[in-house]
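These figures come from a predicted structure and were not determined experimentally.
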Amino acid sequence: MKKANIYRTMLVAGLAIAPVAATTSASALSFVATQGGGEQSTASVIGLPVENNAGDKLGDINYLVLDNTGMISTAVIGVGGFLGVGEKNVGIPYNELSFTEKNGRRIATVDATKETLTNAPSYTWTEKSAMEKMGDHAKNSVSGSETNNSSK
């Protein structure tokens with residue numbers, strides 16, 4: 001049997017199976033229609049001001065970091081600087097934050113001083129962002145095509 005015929009047979013078999021697989025996996029999916037009590041969206045937390053128990057503004061929540069189970073493990077707080085200039089990111093365990101209302105606004109509080117957060121180490125990201133990954137892919141594609149063209 002020719003390779004082309006084998007590939008056609010594999011393609012037809014794959015197409016015949018694909019709808020069954022899609023139907024089977026879709027039926028196992030469950031949906032959540034309403035936010036549960038006590039749940040909050042990450043969008044409602046990112047950007048919240050962070051204060052200490054004395055009422056001093058310490059910074060704002062810039063990012064939430066998920067662990068490998070999908071639970072929030074770290075809150076990255078932007079401290080210092082003015083209007084984002086000169087600001088540094090400091091990571092604290094998410095469970096050390098409390099949430100409360102102040103003057104009709106929701107805020108996060110943490111048991112720390114400005115000095116403690118200012119002197120804390122900057123949070124270091126170890127994963128690449130989606131934009132960095134796209135840039136790497138583009139560089140690899142360009143360098144790969146240049147390599148292929150130069151060998152012709």
Side-chain angles (χ1 to χ4, degrees), residues 10-11 14-15 17-152:
M10 289 171 50
L11 177 64
L15 292 174
I17 294 170
V20 173
T23 305
T24 304
S25 64
S27 64
L29 181 63
S30 60
F31 298 94
V32 178
T34 306
Q35 182 177 356
E39 293 180 335
Q40 54 190 339
S41 70
T42 57
S44 70
V45 177
I46 294 173
L48 282 181
V50 179
E51 295 184 1
N52 61 17
N53 296 330
D56 300 322
K57 174 136 178 164
L58 304 176
D60 298 297
I61 298 174
N62 287 343
Y63 304 97
L64 297 173
V65 181
L66 307 178
D67 65 16
N68 60 359
T69 67
M71 302 299 291
I72 300 171
S73 63
T74 305
V76 179
I77 301 171
V79 298
F82 180 71
L83 297 176
V85 177
E87 179 179 81
K88 82 171 183 178
N89 286 319
V90 174
I92 65 165
Y94 184 74
N95 62 2
E96 292 189 21
L97 287 176
S98 299
F99 298 94
T100 188
E101 296 283 327
K102 180 178 179 183
N103 300 326
R105 277 186 40 188
R106 191 160 179 243
I107 64 165
T109 60
V110 65
D111 187 19
T113 64
K114 283 184 185 183
E115 184 178 356
T116 302
L117 291 183
T118 303
N119 294 328
S122 292
Y123 187 80
T124 302
W125 295 99
T126 57
E127 73 174 341
K128 290 188 174 189
S129 70
M131 291 301 289
E132 290 170 323
K133 289 176 186 176
M134 286 174 43
D136 287 350
H137 179 70
K139 286 178 194 172
N140 292 337
S141 295
V142 168
S143 65
S145 64
E146 287 173 0
T147 304
N148 292 338
N149 291 336
S150 64
S151 64
K152 290 183 178 179

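Of all the heavy atoms in N89 and G78, the pair that sits closest is OD1-CA, 3.8 Å.
Each of D60, I61, T109 was checked for a side-chain contact (heavy atoms from CB on, under 4.5 Å) with P49, and the lone residue meeting it is D60.
Remark: D111 CG is loosely packed, at most 12 non-hydrogen atoms of other residues, nucleotides or ligands lying under 6.0 Å away. Heavy-atom contacts from other residues, nucleotides or ligands closer than 6.0 Å to CD of E39 number more than 12. Atom NZ of K57 sits in a crowded spot, with more than 12 heavy atoms from other residues, nucleotides or ligands closer than 6.0 Å. Summarising the local packing, CD of E115 is surrounded by 12 or fewer heavy atoms from other residues, nucleotides or ligands at distances under 6.0 Å.
One finds the CD1 atom of I72 at 6.5 Å from the CG atom of L66 (value rounded to the nearest 0.5 Å). Rounding to the nearest 0.5 Å places OG of S122 at 10.5 Å from CD of E87. With values rounded to the nearest 0.5 angstrom, N53 atom CG is found 10.0 Å from T100 atom OG1. In this structure, CE in M134 is found 12.5 Å from NZ in K139, a value given to the nearest 0.5 Å.
Judged by distance alone, with hydrogens and angles left aside, the side-chain atoms of K88 form a donor-acceptor pair with the main-chain N or O of T118 at under 3.5 Å. The backbone N or O of A112 lies less than 3.5 Å from a partner atom in the side chain of N52, making a donor-acceptor pair. Judged by distance alone, the side chain of Q40 and the main-chain N or O of S44 form no donor-acceptor pair under 3.5 Å. Remark: the backbone N or O of P93 is not paired with any side-chain donor or acceptor of E96 at under 3.5 angstrom. Under the 3.5 Å distance criterion, the side-chain polar atoms of N103 are left unmatched by any main-chain donor or acceptor of R105.
In this structure, I107 and L48 have side chains that are not in contact, with every pair of non-hydrogen atoms separated by 4.5 Å or more. By the 4.5 Å heavy-atom criterion applied to side chains, Y123 and Y63 are not counted as neighbours. Inter-residue side-chain proximity for L58 and T116 is flagged as unmet; no heavy-atom pair is nearer than 4.5 Å.
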